[in-house]
Amino acid sequence: MCLMRSLLCAFTCLIGIASCATTPYPGDWPRTVAAADSQCPDLTGTYENYGLRDDGDQIVLARIFFPLSPNEPLTKDHELRAVSHLTLDHRNDTDLVIKAWVGHELVMERLLTASQLPCREGHAVYHRTEWYFGGLAPFFPVIAHSSIDHLISLASDGSLVMENYEFSKGAATVIPL
């Protein structure tokens, strides 16, 4: 009976979480160059793995194009951080081949088809989803899901620019002991 009451309490304490935030494009960054509305920009080029976010923090480009699944070991994250640069190359004018390099050694490769990288308003759109399973302690489990659209374009200086639109939702529960 006590276990049943605890479970009932845990389910009634379920908390829903949703978030949304926007930040303006930094004024001191080079302006973006959008392709014509019906076309994607030519993203062919070599890009450093570490870039800057609008808040000044670093971002690992390989983590975006080679996302980790919840079950992957932390060694995979270390591999993504070790990447020195990525090359992007259009194949057939629609598909994009992404290669991750450590110096002169190719360590990962991925193909994004036209259906995985559609065009919207002159930007290439890379959509991905992420799940998070964890929590603050065994008695406070959390599950969350994020849906992310990366609008990819080029800046006037040739650098890669990504605008991220993320919608996250999750749930947390308190399990009384």
Side-chain angles (χ1 to χ4, degrees), residues 19 21-23 25-26 28-36 39-134 142-170:
S19 65
T22 61
T23 56
Y25 188 80
D28 58 339
W29 285 12
R31 294 286 100 203
T32 58
V33 180
Q39 297 180 348
C40 276
D42 182 5
L43 303 175
T44 300
T46 301
Y47 304 97
E48 292 181 24
N49 190 29
Y50 286 89
L52 286 179
R53 293 169 34 123
D54 58 354
D55 60 6
D57 287 345
Q58 282 190 333
I59 189 163
V60 180
L61 189 57
R63 278 188 183 163
I64 294 172
F65 288 119
F66 301 94
L68 297 171
S69 69
N71 299 327
E72 288 199 70
L74 285 177
T75 54
K76 178 73 173 187
D77 185 57
H78 294 301
E79 291 174 25
L80 295 176
R81 289 179 164 280
V83 168
S84 57
H85 62 284
L86 287 90
T87 56
L88 281 60
D89 187 29
H90 278 280
R91 181 184 295 168
N92 308 340
D93 291 331
T94 55
D95 299 341
L96 186 66
V97 178
I98 303 163
K99 296 180 180 179
W101 303 82
V102 175
H104 297 292
E105 180 185 352
L106 177 65
V107 292
M108 289 178 248
E109 185 173 343
R110 179 170 190 200
L111 173 71
L112 292 178
T113 63
S115 63
Q116 294 171 303
L117 199 68
C119 296
R120 186 187 324 154
E121 299 172 359
H123 303 281
V125 180
Y126 174 52
H127 177 81
R128 65 190 179 98
T129 59
E130 292 180 350
W131 284 94
Y132 171 77
F133 303 98
V142 174
I143 183 172
H145 176 263
S146 291
S147 178
I148 307 162
D149 280 342
H150 301 279
L151 271 63
I152 307 169
S153 58
L154 295 173
S156 57
D157 67 352
S159 57
L160 196 65
V161 176
M162 289 189 185
E163 290 180 68
N164 300 326
Y165 293 90
E166 181 174 357
F167 177 76
S168 299
K169 55 189 176 274

Separation of Trp101 CH2 from Leu86 CG (nearest 0.5 Å):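 Separation between the atoms: 10.5 Å.
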
OG1 (Thr113) and CG (Asp95) are apart, to the nearest 0.5 Å, by 6.0 Å

What closest approach, in Å, do Pro41 and Gly122 show between heavy atoms, and which atom pair accounts for it? CD-O, 3.4 Å

What pair of heavy atoms forms the shortest contact from Val161 to Ala155, and how long is it? CG2-CB, 3.7 Å

Using side-chain heavy atoms (C-beta onward) and a distance below 4.5 Å, is Leu154 in contact with Leu160? yes

Measure the shortest side-chain to side-chain distance between Arg31 and Val33 over non-hydrogen atoms and say whether it is less than 4.5 angstrom. no

Assess the residue pair Asp149 and Arg120 against the criterion (side-chain contact (heavy atoms from CB on, under 4.5 Å)); give the C-alpha distance rounded to whole Å, side-chain angles, the decisive distance to 0.1 Å, and a yes or no. CA-CA 11 Å; Asp149 280 342; Arg120 186 187 324 154; 3.3 Å; yes

Set out, in order, the CA-CA distance, both residues' side-chain angles and the distance that settles side-chain contact (heavy atoms from CB on, under 4.5 Å) for Leu96 and Ile98, then state yes or no. CA-CA 6 Å; Leu96 186 66; Ile98 303 163; 4.2 Å; yes

Evaluate side-chain contact (heavy atoms from CB on, under 4.5 Å) for Ile59 paired with Ile64, printing each intermediate quantity in order. CA-CA 9 Å; Ile59 189 163; Ile64 294 172; 3.6 Å; yes

Hey, is CZ on Arg91 packed in by over 12 heavy atoms from elsewhere, all under 6.0 Å? no

Considering only distance and modelled atom types, tabulate donor-acceptor pairs under 3.5 Å from the side chains of residues 103-110, sequence neighbours left out.
| from | atom 1 | to | atom 2 | distance (Å) |
| --- | --- | --- | --- | --- |
| Arg110 | NH1 | Phe65 | O | 2.5 |
| Arg110 | NH1 | Tyr126 | OH | 2.7 |

For a quick test of your reading: what N or O donor-acceptor pairs under 3.5 Å do the side chains of residues 47-57 make, sequence neighbours left out?
| from | atom 1 | to | atom 2 | distance (Å) |
| --- | --- | --- | --- | --- |
| Tyr47 | OH | Leu43 | O | 2.9 |
| Asn49 | OD1 | Leu61 | N | 3.3 |
| Asn49 | OD1 | Ala62 | N | 2.8 |
| Asn49 | ND2 | Leu80 | O | 2.9 |
| Asn49 | ND2 | Val83 | O | 3.0 |
| Tyr50 | OH | Arg81 | O | 3.0 |
| Arg53 | NE | Asp55 | OD1 | 3.3 |
| Arg53 | NH2 | Asp55 | OD2 | 3.1 |
| Asp54 | OD2 | Thr23 | OG1 | 2.2 |
| Asp55 | OD1 | Asp57 | N | 3.0 |

Stepwise side-chain contact (heavy atoms from CB on, under 4.5 Å) test for Thr32 and Glu163: CA-CA 10 Å; Thr32 58; Glu163 290 180 68; 5.6 Å; no

Asn164 side-chain N/O to His150 backbone N/O, donor-acceptor pair under 3.5 Å: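 No.
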
Is it true that a side-chain atom of Ser153 and a backbone atom of His123 form a donor plus acceptor pair closer than 3.5 Å?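 Side chain of Ser153 to backbone of His123, a donor-acceptor pair under 3.5 Å: no, none is there.
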
side-chain hydrogen bond (donor to acceptor under 3.5 Å, both in side chains) involving Thr46 - partner list, sequence neighbours excluded: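 Result, side-chain hydrogen bond (donor to acceptor under 3.5 Å, both in side chains) vs Thr46: none returned.
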
